[in-house]
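Nothing fancy with the numbering, it's 1 onward along the sequence.
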Amino acid sequence: MSDKQWALMAPHCMGKPGDAGPRGTDNRLFVEAVLWIVRTGSPWRDLPEEFGKCNTVFKRFRDWVKADIWQKLFDAVSGQPDMQYAMADATIVKVHRHGQGAGLKVRP
């Protein structure tokens, strides 16, 4: 993520300096870890070690979900989409029937 995007997101993060209670050591690294999971589609256990322990990152992710932080972060940066990453899946992409294997004969 760019420095400009992070500057918009940082004020909305949980556990920043000055907040009461426990806080993570590096919110930006944590957000990058979650983005890595989203981009790769990997399970949490495959998270590279440089992002921290996978279970700790997952628990922190879950806390942020419960606190609705991700929606706040999305809202903070959604006014400036750069379309660097675009995701498409089968729910929005239609395949021609020949591409689905229609008409293929199945062998016993």
Side-chain angles (χ1 to χ4, degrees):
M1 108 184 76
S2 70
D3 289 338
K4 184 178 179 181
Q5 289 169 325
W6 179 245
L8 294 170
M9 294 168 70
H12 304 285
C13 292
M14 239 170 83
K16 58 189 173 296
D19 285 356
R23 51 186 173 267
T25 56
D26 188 348
N27 281 334
R28 186 171 184 170
L29 182 65
F30 166 66
V31 171
E32 290 284 0
V34 173
L35 291 175
W36 185 90
I37 291 290
V38 171
R39 280 191 296 255
T40 63
S42 297
W44 287 99
R45 66 179 172 272
D46 291 343
L47 187 70
E49 290 182 17
E50 58 262 20
F51 290 120
K53 294 181 180 179
C54 63
N55 196 39
T56 303
V57 175
F58 172 74
K59 286 179 182 178
R60 190 171 176 194
F61 169 77
R62 191 181 58 212
D63 291 342
W64 283 34
V65 168
K66 290 177 183 177
D68 208 27
I69 298 298
W70 296 109
Q71 184 64 47
K72 292 175 186 175
L73 297 181
F74 177 78
D75 291 342
V77 296
S78 65
Q80 302 172 351
D82 65 357
M83 301 305 284
Q84 181 178 358
Y85 296 101
M87 294 184 193
D89 63 14
T91 60
I92 61 169
V93 177
K94 299 298 178 195
V95 176
H96 190 274
R97 64 188 180 112
H98 296 297
Q100 297 174 341
L104 293 178
K105 295 188 181 358
V106 179
R107 296 180 186 174

Out of Val31, Asp75, Ile69, which residue meets the side chain to side chain contact (heavy atoms under 4.5 Å, CB included) rule with Met9?
Val31
Would you name the heavy atoms of Ala33 and Val57 that are closest together and state the gap between them?
CB-CG1, 4.1 Å
Between Asp46 and Trp36, the two heavy atoms sitting closest are O-CH2, 3.4 Å
In this structure, would Leu29 and Leu8 fall into the same cluster of hydrophobic residues linked by side-chain contacts under 4.5 Å?
yes
Glu32 side chain vs Met1 backbone, donor-acceptor pair below 3.5 Å
yes
Worked verdict on Leu73 versus Cys13 for side-chain contact (heavy atoms from CB on, under 4.5 Å):
CA-CA 8 Å; Leu73 297 181; Cys13 292; 4.1 Å; yes
Minimal heavy-atom distance between Ala76 and His12, with the atoms involved, is CB-CD2, 3.6 Å
Go through Phe30 and Asp26 one step at a time and tell me if the side-chain contact (heavy atoms from CB on, under 4.5 Å) criterion holds.
CA-CA 6 Å; Phe30 166 66; Asp26 188 348; over 6 Å; no
Could you walk me through whether Phe58 and Asp63 pass the side-chain contact (heavy atoms from CB on, under 4.5 Å) test, one step at a time?
CA-CA 9 Å; Phe58 172 74; Asp63 291 342; over 6 Å; no
Is there a donor-acceptor contact under 3.5 Å from the side chain of Arg45 to the main chain of Asn55?
no
Do other residues, nucleotides or ligands put more than 12 heavy atoms under 6.0 Å from Glu50 CD?
yes
Nearest heavy-atom neighbours spanning Met14 and Ala67:
SD-CB, 3.5 Å
Determine whether Val34 and Trp64 satisfy the following criterion, side-chain contact (heavy atoms from CB on, under 4.5 Å), listing intermediate values before the conclusion.
CA-CA 11 Å; Val34 173; Trp64 283 34; over 6 Å; no
Counterpart residues, salt bridge (Lys or Arg N to Asp or Glu O under 4.0 Å), relative to Asp68 (two or more places apart):
none
